[in-house]
2 protein chains.
Amino acid sequence: MAKTSTDNAGNRDNDAISTQASSVYDRLQHDILTGQLQPGLKLRLKDLIEKYDTGNSPLREALSRLSATGMVVREENRGFRVSPAHTEELMELTRTRCWLEEIALRESITHGDTEWEERIVLAYHWLARAARQKDKAANHTSPEWETHHQEFHLALISACNSSILMDFCAELAKRSFRYRNLAEVVEYRDSHELEEHRELQDAVLNRDADTAVELLRKHYTVTSQILLDSGHFE
Amino acid sequence: MAKTSTDNAGNRDNDAISTQASSVYDRLQHDILTGQLQPGLKLRLKDLIEKYDTGNSPLREALSRLSATGMVVREENRGFRVSPAHTEELMELTRTRCWLEEIALRESITHGDTEWEERIVLAYHWLARAARQKDKAANHTSPEWETHHQEFHLALISACNSSILMDFCAELAKRSFRYRNLAEVVEYRDSHELEEHRELQDAVLNRDADTAVELLRKHYTVTSQILLDSGHFE
DNA sequence: TATATTACTTTCATCGATAAAAATTGTATA
DNA sequence: TATACAATTTTTATCGATGAAAGTAATATA
């Protein structure tokens, strides 16, 4: 990842200097999603203050925010820990994701305009390019690819007419992403992946909702199953 | 006000003394949902410290958490404000709510067991009782009724097999609730309300998914329309 | 008069220290 | 040996004060 804050993006040449609390928030979230901070890990304040080179207050604010997102669990008067990861959650995550994205995708296909189509085409373009570079570098956890992957999936549903629903989908994507990183499945069907996305793109642009939904669903369930089979995370 | 925390309820004879930050969190959220803190209001720290009789740090933690939920908007280096309320958001909220609860309800009707049925029956019982007391007292914003109302709707979808989806629905309910409070529509079709819920219950228990979904959808859209017509919150 | 610059005030973000709670250790008792 | 209790240490939560940024008013310059 090593990318700039997804959540606090903003900063459009406009002023608004990022605060320390937000910086720690981003770094903590990154390290959790990326698996560097293992599920269930006790987050001792003293250690974190040292590790992230910050103070008590900004750290606490960051943790508070993360606890509201479910990235971190707070236990009153006994601090924070990284939220646990279980196979059941991954299954539930996948199930829910299929439901929500089906709606969002169908709505988008019904209402999407040409700008929406363009967003998809562009997103696919970037994804494909990142995929080629990833293959070349044999670096199978390219943060660029991850970014573009998420962008592509968001583009598909970006005409659903509900930013709330999109936010939910984005949250589910983030949480699923974490499981992919936890199961250290390095080389998971790279060969097919780009093709899958291509087919998905085509179906969507053809406004073939049923096919698109089917492809999307398969995309998620297959990925999920691979992770489950890998047998990591208890 | 002066009510006990909804979210941090817990405290099951188990120890775990609630922290000050959580207390402020609850009270702030309550006052926002309830409309006592108007949308868009600038939340000046000094004022809040006084109003909620607390310190800098707990207050900030509370606000940080609320900002992650979307109750409060944070602007880097210029503090917090109550998140704004617009008609478009209410419409989006309602639309999204219909989508998500339809899924959750259909799933529940398909998979629900007898315990699920019992939860619904009980929830309806409490709702009806609260409705009668509300009518008697001519107190049309009874917090008890609100609680039971939410409980009832949650019970309906409580067999959907996805706590994630249920959490989403609960969040949508909370945010919709806020709009109901903002539009000071005191007496909105009280007479029909209980009946509506009764029909809904019957359809669900009969496992008649299509009817149930239709009733639910109407329930939400009609309520929403009344609020929109009231023309509050620009 | 309008704009730019500066000094001043208010408000927010962060630090360091302290209070409060939990966890750990040690000791005495059955 | 196991358990209860007290004393000690560690860790978390909160306070009060300071540093940093944004906002406001005043003055100067075109």
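Within every chain, numbering begins at 1; the chains are lettered A, B, ... in the order of the sequence lines, protein sequences first and strands thereafter.
Taking atom CG on B:Leu59 and atom P on D:dG16, their separation rounds to 14 Å, with Å as the unit. Rounded to an integer number of Å, the gap from A:Ile49 CD1 to D:dT12 C1' is 10 Å. In this structure, the CZ atom of A:Arg81 is 13 Å from the C1' atom of C:dA22, given to the nearest Å. Distance, B:Phe80 CZ to C:dC12 C1': 9 Å, rounded to whole Å. Atom P of nucleotide D:dT9 and atom NZ of A:Lys46 are separated by 14 Å, given to the nearest angstrom. A straight line from CD of A:Glu75 to C1' of C:dA22 spans 12 Å, rounded to a whole angstrom. Rounded to a whole Å, the CG atom of A:Asn77 is 14 Å from the C1' atom of D:dT10.
Both A:Arg44 and B:Glu61 lie close to DNA chain D; mapped to their nearest nucleotides by heavy-atom distance, the more 5′-ward contact belongs to A:Arg44. Where B:Leu45 and B:Ser57 meet DNA chain C, the nucleotide closest to each residue was compared, and B:Leu45 sits on the side nearer the 5' end. For A:Asn56 and B:Leu43, each mapped to the nucleotide of DNA chain C holding its nearest heavy atom, the one lying further toward the 5' end belongs to B:Leu43.
Counting only heavy atoms from C-beta outward, the side chains of A:Ser224 and A:Leu90 approach each other to under 4.5 Å.
Donor-acceptor pairing under 3.5 Å is lacking for the side chains of B:Gln133 and B:Ser142.
Dashed line: the shortest gap from a side-chain N or O of B:Lys42 to OP1 or OP2 of C:dT10 is not under 4.0 Å. Taking side-chain N and O atoms only, A:Gln20 has no distance below 4.0 Å to OP1 or OP2 of D:dA20. Proximity of A:Thr19 to the phosphate of C:dC12: no side-chain N or O atom is located under 4.0 Å from OP1 or OP2.
A donor-acceptor pair is defined here as one N or O able to donate and one able to accept, closer than 3.5 Å; no such pair exists between the side chain of A:Ser67 and the backbone of A:Val72.
Seen from the ring of A:Tyr52, A:Arg27 does not count as a face-on cation partner, given the 6.0 Å and 45° thresholds.
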